[in-house]
Amino acid sequence: MVFDPILAALNERQAEAVQRTAGPLIVLAGAGSGKTKMLTSRIAYLIDRCDVPAHHILAVTFTNKAAGEMKDRVGRILKIGFGSDPWSSGPWMGTPEIGTFHSVCLRILRREGVLTPFSRPFVIYDDSDQLSLIKTVVEKLGIDDKQFSPKALQAGINGLKCDAIEPHELRPEHHNLFDRQLKRVYEQYQKDLFANNAIDFGEILCMTYRILRDHPDVRRRYQERFRYIHVDEYQDTNRAQYLLLSMLAKAEFGGHQNICVVGDEDQSIYKWRGADIRNILDFERDYPGAQVVKLEQNYRSSQNIIRAASQVIRNNSQRKDKTLFTENEEGELLRRFQVADERAEAELVVSEIRRLSGEGSRNYGDFSIFYRTNAQSRQFEDVLRREKIAYQIVGGLRFYDRKEIKDVLCYFKAILNPTDSISLKRILNVPARGIGKTTIDKLEELQLRLEGADSNLWSALGMAARDPSITSAATARKLAAFVGMIEKFMLEQPRLRLSELYHLVLDETGYVRELRKEGTDEALARIENLEEFDTLLQEFEEDLLGPLPVEDQAARFRELLAIFLEQSALVSEPEPGKAVQDLGPSVKLMTLHSSKGLEFPVVFLVGMEEGLFPSIKGWEPESEEDIEEERRLCYVGITRAREILYLTHATMRRIWGNFNYQEPARFLDEIPGGLVTYRDLSRAARPMAAPVRSASYFDEHDQRDEGDSIEGRWLEHPEYGRGKIVASEGSGMEIRVTIDFAGSGRRKFLWRYVSAYLR
DNA sequence: TTTAGCTCAATTTTT
DNA sequence: TTGAGCTAAA
């Protein structure tokens, strides 16, 4: 066989997945098994070895981060660059299409603009814009927002959009009171959304799906275009994404069904947001003749960590037959700690971080703390701050979600698209210019009376500004000033760079001046964010305009705004530009959900208590399905760790101001006792004791290697001195070990009593 | 029109 | 317990 550097870098299974290019293929990729490596190699292989023109290749991911990484790696293998081609006027040629579901769909929507209901460039509504619009719809329809909360209706609408269900498909006669209102609101919401020339996240996918479904000619074009389809994190796809993919992979025009999906059913943790685990479990049924490749070798974690993870996840019934293994070293035992309460938990974790980082080879960036709920982060932050240890919360408040940034973005959106009533309403009185609720109510009332295309807030504003009898002379003057200001922005926009437009907006509105007047720490932080936003705009422009000849740059100013708005809607964090300083290594704090896809040498999995993790909704009986999702979450957490894994749980925890006595998480019992050391710090004065639990999993299943990991290890007993473990028996919390002490011969102990003496 | 007190709810989150 | 969002007073 000819030496091939692409294949040579892969293991046998990975290489198999790369080479099976024809027909449907499902790759079941365990945690840390080199899935991205396989995917990127496959794309490179198709282009470089199979001579597939790059533009025939499509790869979709869920996050920008994943898409960026994939582009990076494909680019490096093939030594090509991905010009962002934001001008989108040219043909899609030259590079594979790699992007998120949403960015790919938006590109299709823009190309097929005539098939959309929009009359001008559309803006993207995020969840809070969406909620605002739903509130206006609820009010317009005279629905009681106490009985039917806009939030619940929003969840309902988004749930339906995840399933690609349109309002007319809902038959009210079969539904309860809520569903009947939901149908009404959904119907009106869609109308108003489109009238605002706006689209929400769910609709981006649904609309694309409908266009492909309803227009065979268009469908055909995209099927011929995307001949090799790759889908990352397939276990997280929802119904709408599934249907969308089937439109592209249908192969009804003599095509080839070259669809390669990659995923891990054991890491499916987004059911609550519409992900349908059946998509991955049923792939072989949906695509008859599909080939299956399993990537089971883990390159990330120690033996002990992989064993623990495998034993936990094997308790799930909803999974495929897949077993992770590793050739890495056995490594350290897992470390389980019981502590008195959440405060003690934080103290323990931070002192361990101190201790390990003091030993030399590790810095703070090697540690991470995973919790089930965001509320748990506070204790850790308090102690870390007190100890002056650098830390960073991953996935907190997103940059573009900050109030001041959203305000500015709404000015931008209104300038681009004044029919966007939601954005207009948001900025109407920001900063305060004396336009209050009464006035807004009158404007909205007027808007409802206006006909057709004029039925929007902008038109209403114009009328009220000209006609003082609608409000009052004073108010009409204020409105006229506002309208005049926005018109000025719209007029200037095509002649200005974004950063210039930005400064014009800040100057004319006096936004920063108002914040200065406020003078609080919070206001100052806002000003700083606005400054960062300025830098970000300049970098954005430089990236886009830089490559163009100077004389062409000004010609692009008009488009700049639309492109920027689209990016800011689809991206949660701006690209880490040169402006953002590196703060050095820091401990990372995050929810278990945010930890997916990451890895750390040392992981602390905290709050492992029944009710908290697994999380249990008090008001309904726990379902096996929900527990399995929590177990997958636990599996994700464990498999993030490379070398050392801590598992902590508190005896008592304050939740919503109440003291709760907590039971250890059931997942702790599912980890073979021989893989962990256990230490009870919750009753420090008394000898260590573990809570005795009911029969563990291992009493009913064969578990030959239960104590294997501990035999041969040395420990230092406070009474008997140095000794070696020569034998073990029993299982779970009842493992007994025989220790051979140098001075006093052999003795038997319960493992949980002596595990902490391991050296 | 702004602000202070009150109620009410309360996993997980990317696009 | 915390916080966001909303109704009653300045």
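Since the model is a prediction, treat every value here as computed from it, not as a measurement. A note on names: the letters A, B, ... follow the listed sequences, proteins ahead of strands, and every chain is numbered from 1.
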Sugar-phosphate, base or nothing in reach of [X], heavy atoms under 4.0 Å:
X      : value
A:N658 : nothing
A:E629 : nothing
A:R654 : sugar-phosphate
A:G202 : nothing
A:L131 : nothing

Quick one: which of [options] gets closest to the side chain of [X]?
X      : options               : result
A:T438 : C:dT1, B:dT1, B:dT15  : B:dT1
A:T373 : B:dT2, B:dT11, C:dT1  : B:dT11
A:A432 : B:dT11, B:dT2, B:dT12 : B:dT2
A:R372 : B:dT13, B:dT2, B:dT11 : B:dT11
A:W656 : C:dT1, B:dT2, B:dT13  : C:dT1

Look at A:R239 together with A:D276 and state whether they make a salt bridge at an N to O cut-off of under 4.0 Å.
-> no
A:K596/A:D236 salt bridge by N-O under 4.0 Å criterion = yes
N/O (side chain, [X]) to phosphate O (OP1/OP2, [N]) under 4.0 Å:
X      : N      : answer
A:N158 : B:dT15 : no
A:N374 : B:dT13 : yes
A:S103 : B:dT15 : no
A:N64  : B:dT15 : yes
A:S615 : B:dT12 : no

Atom [atom1] of [X] to atom [atom2] of [N]: distance rounded to whole Å?
X      : N      : atom1 : atom2 : result
A:I204 : B:dT15 : CD1   : P     : 12 Å
A:F201 : B:dT14 : CZ    : P     : 11 Å
A:K65  : B:dT15 : NZ    : C1'   : 15 Å
A:E610 : B:dT11 : CD    : C1'   : 15 Å
A:Y270 : B:dT11 : OH    : P     : 16 Å
A:R273 : B:dT14 : CZ    : P     : 7 Å
A:Y635 : B:dT12 : OH    : P     : 24 Å
A:K596 : B:dT12 : NZ    : P     : 17 Å

Check: [X] side chain, [Y] main-chain N or O, donor-acceptor pair, under 3.5 Å:
X      : Y      : answer
A:D264 : A:Q235 : no
A:Q154 : A:Q130 : no
A:E342 : A:Q379 : no

Under a 4.0 Å heavy-atom criterion, the protein footprint on nucleotides 2-10 of chain C, written with B, S and -, is S---S----
Would A:Y222 and A:L58 satisfy side chain to side chain contact (heavy atoms under 4.5 Å, CB included), going step by step from the backbone distance to the final call?
-> CA-CA 10 Å; A:Y222 285 97; A:L58 170 70; over 6 Å; no
Assign each of A:T439 and A:H593 the nucleotide of DNA chain B bearing its closest heavy atom; nearer the 5' end lies the nucleotide of A:T439
Find which nucleotide of DNA chain B each of A:N429 and A:A569 is nearest to by heavy atoms, and output the residue with the more 5' nucleotide.
-> A:N429
Would A:F62 count as stacked on B:dT14 if the rule is ring centres under 5.5 Å and plane angle under 30°?
-> no
Nearest-angstrom distance, P atom, C:dG5 to B:dT12 = 16 Å
Search all heavy atoms of A:L605 against all heavy atoms of A:G637 and return the closest pair with its distance.
-> CD1-C, 4.0 Å
Heavy-atom closest pair (A:K403 atom, A:R426 atom, distance to 0.1 Å) is O-NH2, 3.7 Å
Can you tell me which residue pairs pass the side-chain hydrogen bond (donor to acceptor under 3.5 Å, both in side chains) test with a partner in residues 136-149 of chain A, sequence neighbours excluded?
-> A:K140-A:D192
